[in-house]
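Both counts, for ligands and for their atoms, begin at 1 and track the order of listing.
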Amino acid sequence: VDSLLTGTAAILDFLTTHEVFPSGTELGLLPLTGGVSSDIWLATGAGHQVVVKQPLADLRVADEWHASVERSGSEAAYLQVVGSLVPGTCPRVLAYDPVEHWLALEYLPPGSHTLWKEDLLAGRVGVGVASAVGDRLGTIHRLTSAHTELADRFATDDLFGALRVEPYLLRVLERHPEVADEVDAVVAGLYGTRQALVHGDVSPKNILVGPAGPVLLDAETAWWGDPAFDVAFCLNHLLLKCLLPTTPTDTLVRAAYGLVGAYQPHITWDDPEAVLTRVARLLPALLLARVDGRSPVEYLDEPAKQYVRSFALDELRSGTDGLGDLIATWGVAIP
Ligand SMILES: Nc1ncnc2c1ncn2[C@@H]1O[C@H](COP(=O)(O)OP(=O)(O)O)[C@@H](O)[C@H]1O
Ligand SMILES: [Mg+2]
C-alpha cells in the first residue's frame, strides 16, 4: 500500500509539473480497466479529466510475454506525429515522462465514445465505422510515407519483432512447419518493406468511436515498415468475429470490404495491387496466429478454431487469392 501511495503521489506530481493541471489542484486517480499491457488511470481535478498510462513490463496474457517499457516512448511519439499530421485521429498527448514512462492523454469520455470492440461483440458492426477506419489508416499511411525522416524515430524492429513478429508469426511457423516457407516469406516481406508509419495494433479494442469518427489508441507497437500490416491486422479482427453467433457474417464481410475500399484510394506510395497482395498474404498468417500464436482469441470454441486453421493453411499454401477473393471465400465458407 505504501509504494502504491508513493506511486500515486508521483503521478500527481508529474501532472502538475507538466502543467496538465494547475499546481495545488486537488487530484483524484481512479484505475481504468481494459488494458492488457499497462496500468491506466483517470485523473480528475478541477472539473477536468485526463488519462495517465504506464506500461507494464509483463503483458497480461496467458503465455509468458515480456516487452521493454521503451515501447511507451514509441507510443508517445506516434500519437504526437499522427495527431499533428491528421488531427483528431488519436487522443492528444498532454505530457510524457520518458524516465517513468508516464503518458498523459486527452480523455475521450464514454458518454460520447464507445469502444468499437463492444459494439462489434453486441452485433452492432457499423459498416460506416469500418470505412472510416480504412480512410483514416490510409490517410496516416499516405501522409507519413512522405516523411521518410520518421524512419529513424521509429526504427523499432526490436519492439515490433518482440510484440508482433515473434508471438504471432514465428510462433505459427513453429507450430505449423508445413507452411514454414510461406510464413517465412511473409516475415521477410514485412522486414523488406519500409514505406510508412505503422501503428501495429489496429484492433477494435484500441478504437474509440466518437462524434468525429474513429480514434486510434494504443500505439506502443509503432514501427516504420510495411503499412499492409495495419490493414491485415484490423481485417483479421473483423473476419474472426464472423465466427461469433452474435455478429452477422454478411455485415462483417461488408465491413471488411468497406475498410479496404476506403483505404485503397490512399495508396500513393506503392502500386495499390502490390500493397493489397501483401495484405492478402499476411491475413491468413495472422488468422492462424490468433488460434495458434501467443495471443489466442478468447471467444472461439474448438470447431471454430479448426475452421480458422484449415482456411488459413489452405490460403497460405495456395497463395493465389487476391484480397477481395480471400474475404469472399471466408464469408461464403463460414460455418
Ligand atoms: N484517451 C482515452 N480516453 C478514454 N479511454 C481510454 C483512453 N486511452 C485508453 N482508454 C481505455 O483504456 C483501455 C486500455 O488502453 P490502451 O491504451 O489500449 O492500453 P493497453 O496498451 O494496456 O491495451 C482502452 O481500451 C480504452 O477503453
Ligand atoms: Mg489496448
Hydrophobic cluster of Leu108, others only, ordered by chain and residue number, side-chain cut-off 4.5 Å =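 Leu108 clusters with Leu115, Leu208, Val215, Leu217.
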Parallel, tilted or perpendicular, as decided by the 30° and 60° cut-offs, for the rings of His48 and Phe21 =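 Ring orientation of Phe21 relative to His48: perpendicular.
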Could you label the plane-to-plane angle of the Tyr263 and Trp269 rings as parallel, tilted or perpendicular, counting under 30° as parallel and over 60° as perpendicular?
->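 It falls in the perpendicular class, over 60°.
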Could you check which of Leu56, Asp218, Leu217 puts a non-hydrogen atom nearest to atom 26 (C) of ligand 1?
->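 When every heavy atom of Leu56, Asp218, Leu217 is considered, Leu217 comes closest to atom 26 (C) of ligand 1.
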With backbone taken as N, CA, C and O and side chain as the heavy atoms from C-beta onward, which portion of Lys205 lies under 4.0 Å from ligand 1: side chain, backbone, both, or neither?
->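 It is the backbone that touches ligand 1; the side chain stays farther off.
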Any idea which part of Ile40 is under 4.0 Å from ligand 1, heavy-atom wise: side chain, backbone, both or neither?
->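 The side chain, only.
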Does the pair Tyr307 and Trp330 meet the rule for a side chain to side chain contact (heavy atoms under 4.5 Å, CB included), with working shown?
-> CA-CA 10 Å; Tyr307 173 74; Trp330 171 270; 3.7 Å; yes
Mind checking whether Leu208 has a heavy atom under 4.0 Å from ligand 1?
->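 True for this residue.
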Using a strict 4.0 Å cut-off to heavy atoms of Lys53, name the atoms of ligand 1 that fall inside it.
->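 Here the atoms of ligand 1 in question are 16 (P), 17 (O), 19 (O), 20 (P), 21 (O).
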Close side-chain approach of Leu216 and Asn206, heavy atoms under 4.5 Å =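 Result no, sub-4.5 Å side-chain heavy-atom pair not found.
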With Asp13 via side chain to side chain contact (heavy atoms under 4.5 Å, CB included) - residues at least two apart =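 Checked Asp13 against side chain to side chain contact (heavy atoms under 4.5 Å, CB included); matches are Thr16, Thr17.
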For residues 110-134, which residue pairs qualify under salt bridge (Lys or Arg N to Asp or Glu O under 4.0 Å), counting only residues two or more places apart or in two chains?
->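 Found Lys117-Glu298, Asp119-Arg124.
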Pair Asp157 + Arg194: basic N to acidic O under 4.0 Å =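 Counted as a salt bridge, because a side-chain N and a carboxylate O are separated by less than 4.0 Å.
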Around the Mg ion (ligand 2), how many protein N/O/S atoms fall inside 2.8 Å?
->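 Under the 2.8 Å cut-off, the count stands at 2.
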